[in-house]
Amino acid sequence: MSHSPTASPETAPAAPARRPGLVARLARRPLAVAGLACVVLIVLGAVLAPYATPYSPDEQMFDGLTLEGSPLPPDTRFWLGTDLLGRDLLTRILYGARTSLVIGLVANGIALTIGTLVGVTAGYFGGWIGSLLMRFTDLMMAFPALLLAICLAAVFQPSLWIVALVIALVNWVQTARIIYTETSALARRELIDAERTLGASTARILFRHILPHLVPTIIVWGTLGISTTVLLEATLSYLGIGVQPPTPSWGNIIFENQTYFQTAPWLVFFPGAAILMLALGFNLVGDALRDILDPTQRGRD
Amino acid sequence: MTAPAPSSLSSGAPAPEASPVPVLSLRNLTISARSAGGMLPLVSDLSFDLARGETLCIAGESGSGKSMTSLAIMGLLPKPAVSITAGSIAFGTTDLATAPERVMERLRGDRIAMIFQEPMTSLNPVLTIGRQLTEAIETHTDLSRRAARTRAVEALSAVRIPQAERRLSQYPHELSGGMRQRVMIAMALALRPDVLIADEPTTALDVTVQGEILELLRDLKRDFGTSIILITHDMGVVAEMADRVIVMQRGKMVETGATTDLFATPKADYTRALLAAVPRMGAGQAAAAAAGLPVQPAAPQPPLLVVEDLKVGFDLKGGLLGRKTHRVHAVEGVSFTIRRGETFSLVGESGCGKSTIAKALTGLVPFEGKVTLDGKRIDGLSGAARKAVQRDIQMIFQDPYASLDPRMRVGDLVAEPMLIHGIGTARERQDMVTHLFERVGLDPSHAERYPHEFSGGQRQRICIARALSLKPKLIIADESIAALDVSVQAKVLQLLKDLQDEFHLSYLFISHDMAVVENISDRLAVMYLGQMMETGSRDQVFSSPHHPYTQRLIAAVPQPDPAAKRHAFPRLAGEIPSPVYPVGQGPKRLALLDIGAGHMVASRE
């Protein structure tokens, strides 16, 4: 017996006849709009970096340092201050957004895709395919990610795209594990049996019926992964196998300057805030998308 | 018993002489849910008294507020979303409607106990039965652990659980559904409460087990003088158990009265409609006779589906090397024929293999044996050939909500089978969806909605439309109406019958409900432990059941007629034996003997 209090037999609760589009529904959530604004701001900053500041990211300005040679705090000329070599921090953060977006979106996206594919395949087919894939995942999980990244980066010539690839190759395992568990639970549900009795192909079941149910999980892992990957890139840069100086990235700005945290806190604070803003922005948009894309949540928010 | 009790009865002694003071007294109870449009009443202005040692049945369909009433008495309403907005619930000197949680905690379980529909969900799966029982006893009494344990064993013996001592160390999953419900009753009764609320206690159980549980409740009422509020949608159970009945609809009491009066002369229209919708044993034969149909069809139609010696087994692996050690013989050599335009039913209790047959025929589980559909062999097919067969055999599942993808619009769900098999253009499929929606009694403009926006009956109609979209020859209905309210059940059955006439469909109807089967089938087979016990036409099986198992199944169905109240239920000897055998061994195959005109009965050992 269902205890649905409102539904009387054979009459469905009234539902809105017209449904507004995705963008319109996103626009109705203030938090989602704020998140979207953060993301758009960062993307615009990265794209328009050459027009946004009068300086070059590598330009070491003589008047960018005090007489003692220490970096300048934020003032009207250098809005976010300068770094140890007298470079404008705002300019470096704007150019660094290009690197960090590639890492946070492309590397993270590749990791998510690999993880989802491995997890869904292992979860749906099970048997020896599932065992093989999941044992391989376990192996990757047990391997120290940093060590693997160092090996890979040492084999290939360091460049931004190699770094992105390395990060993708070490970061897919958690996603694969989670997606595997969810898929194997989903595959046992009656609706999948119902699809199979209709003669639906495996591809149809996987992409039309299982994948949509995994969207919330994928969104959550995707947004969590952004900050993780941006920081992993910073670690690699610090070890000298990431993005090579003088190319700026948010991660290597933090690492270059961390020892001066006490005397020049803005050098760590501003790039940190940029990472936070990017992750928060995607988190807010992701949360809203998850609710909007779930039709069963309709009318309950 | 040392817990403070507001009532005088606190020992296990038989009830004192019926006192005029009711145990529980509800006055103008109103329960409301908070919603966007203000407070929405779920139960309004409900008043009734419960006398000591009385069984009061609250009958009604889903959404009638019967479960909300019981939760309100227990103080378990999902606050703050749902709360009591008016009225009182007098239990002794306490008003349960306003009593603080601290007082309710003491009363719950001790003075007022409740058993739920699904015993597995209300027992903690990681604790032993004994631990859960003794914990409940220790919470409410000053008994020592040892004494609590003795009390637990007594309670288990009182609900006739064999080897009670040994059960204490078992976990809930080691027991069958009926046993678990007995444990729940034992737990409820270990503290000898004044009031026992049973919310659909037998709905999830097999009929023969249902009979035993009902008899148990009756014994307990007699021995301990417990007052029982029995909440059920099954008018057969009401007739069997109730002293008094309250019929509820949409939160309001529509009728109340003594059971015999209510069944003999129902006053409210709703009660009459509810009683009329209840499937009754014998109604199928009577209707056939009234329509002037011959008892035996004059010219048998050609066979559509012939199943010969169907076997389904599952291997159980064990040991370090994961070798096959045991095999579940789910279906063991079943043969039957379904003719065109015929409804063939498989009946039996849970675990008899009836649903496994459905899964085998729809290609969900591998099987052995010869299956012929419309003259073509369909066993051992794969790929495109199997897909083609799937057009002809469609299945309607028990739970329409679980079998519809909640993330797809219902219009797309109905069009999907045609898309899978590449039938028609998008435009044609759209027209077909509109046509099917109209045909099954749904508004085509609702095609844009999602499954959760429909009621249970409507969802099942969507599943029917989906099954029809491929114009199949055979539809397998696996307990398809079991989850629906009786009035909705009747409408869906009528729809299935109409569609059968219109499209010349054959049905394989799988059910545990003997009354429904009697109403809908042309022929049927009774299954037990993977084998057929008896098969024949409806009249053969129901008029002269030969196998003792068939007889017991028929006798166990509660009749919606207080005059037909049984005083003793057929007792089951023990647990149903298991169909699991070590590799190399198997169950004894029973030979079916023809006792005339296609009426086959399994030989008895």
Side-chain angles (χ1 to χ4, degrees), chain A residues 1-21 127-128 131 185-218 290-301, chain B residues 33 35 40 42 61-63 65-68 82 117 199-200 203 233 250-251 359 362-364 386-391 393-395 397-399 402-409 416-417 419-421 445-446 448-458 463 466 470 476 483 485 487-488 491:
Chain A
M1 282 290 93
S2 89
H3 296 292
S4 161
T6 44
S8 56
E10 294 272 333
T11 50
R18 284 281 304 141
R19 297 208 160 89
W128 66 269
S131 303
L186 269 172
R188 277 197 294 273
R189 274 173 62 173
E190 204 168 57
L191 69 99
I192 302 301
D193 273 354
E195 290 302 323
R196 285 167 65 199
T197 64
L198 292 174
S201 63
T202 305
R204 181 172 194 86
I205 292 175
L206 283 181
F207 292 105
R208 295 298 302 275
H209 296 285
I210 287 188
L211 215 51
H213 285 93
L214 298 174
V215 166
T217 316
I218 295 176
R290 190 196 60 207
D291 291 349
I292 288 167
L293 293 177
D294 186 356
T296 58
Q297 287 295 315
R298 186 149 303 159
R300 289 186 200 164
D301 39 24
Chain B
S35 70
L40 189 77
L42 302 179
E61 298 185 291
S62 48
K66 55 192 196 309
S67 288
M68 281 300 159
V82 179
Q117 174 175 346
D199 189 354
E200 304 270 6
T203 307
H233 69 283
R250 295 187 193 170
K359 285 186 177 164
T362 48
L364 292 176
R386 177 74 235 177
K387 192 172 166 185
V389 169
Q390 250 133 9
R391 273 183 76 159
I393 303 181
Q394 286 297 309
M395 177 139 155
F397 288 81
Q398 169 169 5
D399 182 352
S403 57
L404 292 171
D405 188 338
R407 286 175 169 263
M408 280 178 80
R409 293 169 200 275
E416 195 185 18
L419 190 66
I420 289 170
H421 290 273
S445 68
H446 291 175
E448 294 294 299
R449 295 186 178 182
Y450 288 90
H452 74 272
E453 295 171 284
F454 293 86
S455 70
Q458 287 174 319
C463 290
R466 205 169 182 222
L470 291 172
I476 301 175
D485 279 327
S487 60
V488 182
K491 285 181 201 151

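Per chain, numbering begins at 1; letters A, B, ... match sequence-line order. Given the structure is predicted, the values throughout are model-derived calculations rather than measurements.
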Check residues 201-208 of chain A and write down every donor-acceptor pair under 3.5 Å in which the side-chain atom is one partner and the other belongs to a residue at least two apart or another chain.
unit_1, atom_1, unit_2, atom_2, d
Ser201(A), OG, Arg204(A), N, 3.3
Arg204(A), NE, Glu416(B), OE2, 2.9
Arg204(A), NH2, Glu416(B), OE2, 3.4

Honestly, the part of Arg189(A) sitting under 4.5 Å from a heavy atom of chain B is side chain

So which part of Leu364(B) gets closer than 4.5 Å to some heavy atom of chain A, the side chain, the backbone, both or neither? both

Please look at Ile476(B) and chain A and tell me whether the side chain, the backbone, both or neither of the residue comes under 4.5 angstrom of a heavy atom of that chain. neither

Which heavy atom in Ala194(A) sits nearest to a heavy atom in Ser403(B), and how many Å separate them? CB-O, 3.6 Å

Could you check if a side-chain atom of Gln394(B) sits within less than 4.5 angstrom of a side-chain atom of Leu198(A), using non-hydrogen atoms only? yes

Contact between Pro212(A) and Asp405(B) at the side-chain level, heavy atoms closer than 4.5 Å - yes or no? no

Gly199(A) backbone acceptor or donor facing His421(B) side chain under 3.5 Å: no

Test of understanding: with salt bridge (charged side-chain N to carboxylate O under 4.0 Å, His left out), list the residues that count as partners of Arg391(B), not counting sequence neighbours. none

Can a salt bridge be assigned to the pair Arg466(B) and Glu195(A) using a cut-off of 4.0 Å between side-chain N and carboxylate O? yes

To the closest 0.5 Å, what do you measure between CZ (Arg407(B)) and CG (Leu191(A))? 11.5 Å

Please determine whether side-chain contact (heavy atoms from CB on, under 4.5 Å) holds for the pair Phe397(B) and Thr197(A), giving the CA-CA distance in whole Å, both sets of side-chain angles, and the decisive distance to 0.1 Å. CA-CA 10 Å; Phe397(B) 288 81; Thr197(A) 64; 4.1 Å; yes

